[in-house]
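Everything on this sheet refers to the single structure shown next.
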2 protein chains.
Amino acid sequence: MAQPDTKTRIISTAEELFALAGFHLTSLRTITTQAGVNLAAVNYHFGSKEALLEAVFDRHLIPLNDIRIKRLEGVAAQAKKSGRPPEVEGVLRCFTEPTLALLHRDSGTGYFRMLVGRSLSDPDQTVRQLFLGRVSGVLELLLDLLCQALPHRSRESVSLKLNFALGAMSHTLIFQGQGGLLGGVDKGKSIDEVIEMLTNFIVKGMEG
Amino acid sequence: MAQPDTKTRIISTAEELFALAGFHLTSLRTITTQAGVNLAAVNYHFGSKEALLEAVFDRHLIPLNDIRIKRLEGVAAQAKKSGRPPEVEGVLRCFTEPTLALLHRDSGTGYFRMLVGRSLSDPDQTVRQLFLGRVSGVLELLLDLLCQALPHRSRESVSLKLNFALGAMSHTLIFQGQGGLLGGVDKGKSIDEVIEMLTNFIVKGMEG
DNA sequence: GCACCTTTCAAACACTTGTTTAAATTATTG
DNA sequence: CAATAATTTAAACAAGTGTTTGAAAGGTGC
């Protein structure tokens with residue numbers, strides 16, 4: 001089978017290493033060696049290490065955001081047409097389902113899943129900002145719809161609860177599939193069960 | 001006012017910088033300069049940078065764990081005496097309340113709060129392991145009690161939900177007090193309100 | 001064939017990192 | 001006070017970092 005081209009090989013290797021060891025702890029020499037390319041290839045094809053991280057984010061995050069936005073806009077249009085506020089669960093699923101789909105192994109996003117999970121709380125400001133800049137738009141749309149779905153709650157309360165939900169989500173993206181925090185969690189649970197349980201957890205917490 | 005001794009000054013400065021910029025992105029030179037001590041002081045007093053991180057963790061984490069364990073054991077004893085399983089909310093509060101108390105500004109743990117919030121999902125394996133090794137005992141005790149409180153749920157399910165709850169908690173520790181993810185969250189909420197809302201969120205999600 | 005553009009390569013660049021050393025200073029103890 | 005121990009200091013160390021350079025190699029079109 002033909003090897004992917006240099007650029008793709010670098011992105012894939014970087015994605016894996018960034019997810020496992022973090023952005024700053026992963027050196028360009030480690031990436032290029034594992035990818036089987038020359039050290040200078042990163043700066044030639046991407047310009048800098050930071051630009052490489054952006055490319056890693058964009059490869060899967062742009063399609064993911066497209067899906068999330070389309071679904072959210074669908075729910076918004078539906079609500080407008082019917083004249084009734086959308087349901088909390090329906091709104092949340094627009095966001096959780098495409099995101100948690102990253103947990104599926106066959107989607108080829110195993111390492112990207114971990115990277116996303118960690119990025120929001122990454123101690124490195126560069127990583128945080130690059131990531132947040134790519135999701136804040138979706139999050140604001142999500143927040144707007146949640147406020148419609150919970151008209152008796154203040155925007156501050158809804159925003160706070162959304163933060164709780166995002167924390168539960170990103171934590172799950174990191175640890176699910178590698179045994180959970182305490183180990184042995186995902187023995188008896190299929191990925192779809194995990195997705196359903198997390199969605200239910202968030203919906204209950206949001207509505208309660 | 002007399003300055004704290006060298007060791008304490010290093011720990012406090014390191015705590016702040018580790019929380020803000022992460023363990024590996026914070027150099028010993030930055031720490032020692034800001035602390036007003038000589039570069040070699042870290043290796044003299046602690047032995048290594050990693051040992052310094054351990055000292056930072058231990059200063060607040062040991063007392064915190066003592067409180068959490070005492071409260072959990074209290075609930076366990078109470079349940080045994082009464083012959084009835086403990087309540088979910090009571091068990092969870094043993095853990096959440098002392099932990100979220102880190103959010104209070106007057107406790108002098110402002111930066112430690114962020115450090116704790118990030119440590120579980122830190123991309124640096126060293127940070128993760130040092131932290132996890134200090135909390136796994138409490139987490140297992142917590143899981144045991146939660147299983148008693150939810151006898152009709154499998155241990156896997158309870159463990160999974162506990163992971164959701166921990167994600168929401170650590171996320172809150174990071175972002176609360178600095179505007180939340182999308183900004184402007186903590187305008188209208190007191191810290192005690194936040195603690196109550198998070199506890200309620202977790203309890204509802206756990207029971208549901 | 002030649003010329004042109006893209007890509008690869010080894011080497012070096014300037015810089016930062018954690019750690020160590022040995023001398024100088026301060027504190028403590030007999 | 002003298003002597004011993006504890007601490008602080010400036011300097012150097014070896015190793016690793018992202019990036020740049022200029023030459024070599026490969027591909028494409030005329």
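Small disclaimer: the values here were computed from a predicted structure and weren't measured. Here is how names work: the chains are called A, B, and so on, in the same order as the sequence lines, proteins then strands, and each is numbered from 1.
- Within residues 32-44 of chain B, the residues that have a heavy atom under 4.0 Å from DNA chain D are, in order of number, B/Asn38, B/Ala40, B/Tyr44.
- Here the closest non-hydrogen pair linking A/Arg128 and A/Asp122 is NH1-O, 2.7 Å.
- With respect to the salt-bridge test (charged N to carboxylate O, under 4.0 angstrom), the residues A/Arg118 and B/Asp124 do not qualify.
- Summarising the geometry of A/Val194 relative to A/Lys189, their closest heavy-atom pair is CG2-CB, 3.9 Å, with the distance given to 0.1 Å.
- Residues from residues 11-22 of chain A lying near DNA chain C, meaning a heavy-atom separation below 4.0 Å, are absent.
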* Could you go step by step and tell me if B/Leu120 and A/His171 meet the side-chain contact (heavy atoms from CB on, under 4.5 Å) rule? -> CA-CA 9 Å; B/Leu120 260 186; A/His171 191 81; 4.1 Å; yes
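- Pairing analysis of DNA chain C (Watson-Crick: purine N1 to pyrimidine N3 plus N6-O4 or O6-N4; G-U wobble: N1-O2 and O6-N3; both under 3.5 Å) yields stems of 3 or more pairs at C:4-30 with D:1-27.
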Side-chain donor/acceptor pairs under 3.5 Å, residues 199-208 of chain A, sequence neighbours excluded:
residue	atom	partner	partner atom	Å
A/Thr199	OG1	A/Ile195	O	2.8
A/Asn200	OD1	A/Lys204	NZ	3.0

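- In terms of position on DNA chain C, the residue among B/Ser27 and B/Gly47 whose nearest nucleotide sits closer to the 5' end is B/Ser27.
- Residue pairs meeting the ring pair (Phe, Tyr, Trp, His ring centres under 6.0 Å) criterion with at least one member in residues 35-59 of chain A, sequence neighbours excluded, are A/Phe57-A/Phe131.
- The side-chain heavy atoms of B/Leu52 and B/Ile31, taken from C-beta on, include a pair separated by under 4.5 Å.
- At a threshold of 4.0 Å, the pair A/Glu73-A/Arg68 does not count as salt-bridged, since none of the basic side-chain nitrogens sits closer than that to a carboxylate oxygen.
- Under the rule for a salt bridge (Lys or Arg N to Asp or Glu O under 4.0 Å), the partners of A/Asp58 that lie at least two apart in sequence or sit in another chain are A/Arg134.
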* Would B/Leu166 and B/Leu139 count as a side-chain contact (heavy atoms from CB on, under 4.5 Å) if you check the C-alpha gap in whole Å, the side-chain angles of each, and the deciding distance to 0.1 Å? -> CA-CA 10 Å; B/Leu166 291 173; B/Leu139 291 182; 4.0 Å; yes
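- For A/Glu16, the salt bridge (Lys or Arg N to Asp or Glu O under 4.0 Å) criterion is met by no residue, not counting sequence neighbours.
- Within 4.0 Å of B/Thr26, counting heavy atoms only, lie sugar-phosphate atoms of the nucleic acid but no base atom.
- Summarising the local packing, CD of B/Glu87 is surrounded by 12 or fewer heavy atoms from other residues, nucleotides or ligands at distances under 6.0 Å.
- Pairs engaging residues 23-51 of chain A under the salt bridge (charged side-chain N to carboxylate O under 4.0 Å, His left out) rule: none recorded [sequence neighbours left out].
- Shown here are the salt bridge (Lys or Arg N to Asp or Glu O under 4.0 Å) partners of A/Arg59, two or more places apart in sequence or in another chain: A/Glu15.
- In the 5' to 3' direction, nucleotides of DNA chain C lying under 4.0 Å from heavy atoms of chain A begin and end at C/dT6 to C/dA12.
- What separates NE2 of B/His45 from P of D/dT7 is a distance of 6 Å, to the nearest Å.
- Proximity of A/Ser48 to the phosphate of D/dG18: no side-chain N or O atom is located under 4.0 Å from OP1 or OP2.
- Checked against ring pair (Phe, Tyr, Trp, His ring centres under 6.0 Å), B/Phe95 has no partners two or more places apart in sequence or in another chain.
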Check nucleotides 24-29 of chain D for protein N or O atoms closer than 3.5 Å to its own N or O atoms and list the pairs.
none

